[in-house]
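Here's the structure we're looking at; comments come further down.
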Amino acid sequence: MDEAKTALKHFQIMKDTLAQAKTDYSGLYKLWLIYGILNTAAVLFGYLGTFLIMNSLQLLGQALILLQNLAVPILLIVYYIKIFKRDNCTANKYYLSCLALWGIPAVAMPVFTIILKGGAVLLFSPGILSNEILGKLNSFSFLLNMFLLCLCYIICAFVLNRKWIALIGLAVLFVYLGLDVFADMGSFRIEFAYRAGSYINFSLSSVFYNASIVLGYLAAGLMVKGFHKKGWGTPDED
Amino acid sequence: MKIDHIPDALTLPLRLKLLCGLAAGKKSFAELKEITGATDGNLSIQLSKLEEWRYISSGKTYHGKRPKSTYEITQFGLQQLTEYVELLESVIR
């Protein structure tokens with residue numbers, strides 16, 4: 001009887017240790033890779049939508065922009081729930097914390113910004129709801145997303161134990177903040193003619209933002225995937 | 001392996017944790033400390049014993065200028081662990 005008890009106890013120890021030792025961060029890197037891919041599609045849809053609106057294809061352009069605004073958060077929420085359900089029984093609480101630390105704000109932020117925009121539409125009449133207010137709300141959602149990207153790099157730095165990755169995340173955030181402060185100045189905008197006499201211009205901060213949320217997440221996902229395969233990410237010993 | 005002749009390496013929970021942790025792959029001292037929750041001193045003693053009994057092997061790698069001790073389970077260690085699991089299964093049955 002005692003032998004059976006000891007056997008069960010030792011089985012439990014082995015099971016727990018194996019689960020703890022399993023440094024599988026596949027959920028994290030898959031989530032970031034998927035988010036990077038979704039952002040790529042969203043950026044392309046956004047530019048294409050703008051291009052269509054400028055070429056008098058208002059309805060199609062607006063449909064694309066609406067798809068861009070709704071599809072990314074919905075797909076992200078669905079994928080996050082799927083990953084979290086798959087991994088929430090793991091004994092590796094450190095991994096779960098990382099997943100929750102980035103995932104919960106990532107899922108909550110788009111919902112929060114949609115509520116803000118919806119609230120603004122309800123509160124202000126169309127005349128008052130100027131492009132300026134919507135622009136500020138967009139700018140606010142961009143800022144939240146840049147904070148989220150920075151958080152992703154900080155988590156990445158801890159997971160891989162490479163502190164320089166966190167510095168890159170902070171540098172990207174500060175560059176964006178710098179560009180955003182001067183976004184309205186002429187020298188911080190890119191302008192080109194798309195038709196004789198018609199010009200289109202983008203602020204450098206929005207171009208930088210789009211590049212960051214696409215390349216940033218793809219790079220973070222690939223880093224965790226690649227470094228983990230190479231056996232990196234083992235904590236430094238003092 | 002017999003129930004009345006279990007090797008010392010498998011009787012202590014911490015040693016068992018170390019072997020299972022290393023069965024999942026090569027680990028550094030810091031990782032093993034995190035997995036087992038053991039103190040530096042205790043961990044160091046148990047790792048030395050397991051190495052002495054040839055259940056595990058250690059090596060040093062360099063990350064920049066900093067040396068890092070890494071441990072991995074030997075073929076013998078893995079075989080003993082497998083036999084022990086089979087023994088435990090037979091006891092439960």
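Letters go in sequence order (proteins before strands), and every chain restarts at 1. Reckoned from all heavy atoms, side chains included, excluding hydrogens, waters and symmetry mates.
For the residue pair B/Pro13 and A/Ile13, the shortest heavy atom distance occurs at CB-CD1, 3.7 Å. Here the shortest heavy-atom pairing between A/Ala7 and B/Ile92 reads CB-CG1, 3.9 Å.
Using a 4.5 Å cut-off on side-chain heavy atoms (C-beta onward), A/His10 and B/Val85 make no contact.
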Problem - Check against side chain to side chain contact (heavy atoms under 4.5 Å, CB included), A/Met14 and B/Leu19 - result: CA-CA 9 Å; A/Met14 285 192 254; B/Leu19 289 173; over 6 Å; no
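In this structure, no portion of B/Leu32 lies under 4.5 Å from any heavy atom of chain A. Of the two parts of B/Ser90, neither the backbone nor the side chain holds a non-hydrogen atom closer than 4.5 Å to a non-hydrogen atom of chain A.
Checked options B/Leu18, B/Leu16, B/Ile35; the residue passing with A/Thr17 is B/Ile35 (criterion: side-chain contact (heavy atoms from CB on, under 4.5 Å)).
Considering CD1 of B/Ile6 and OG1 of A/Thr6, their distance stands at 8.5 Å, rounded to 0.5 Å.
A/Phe45 CZ: 12 or fewer foreign heavy atoms inside a 6.0 Å radius.
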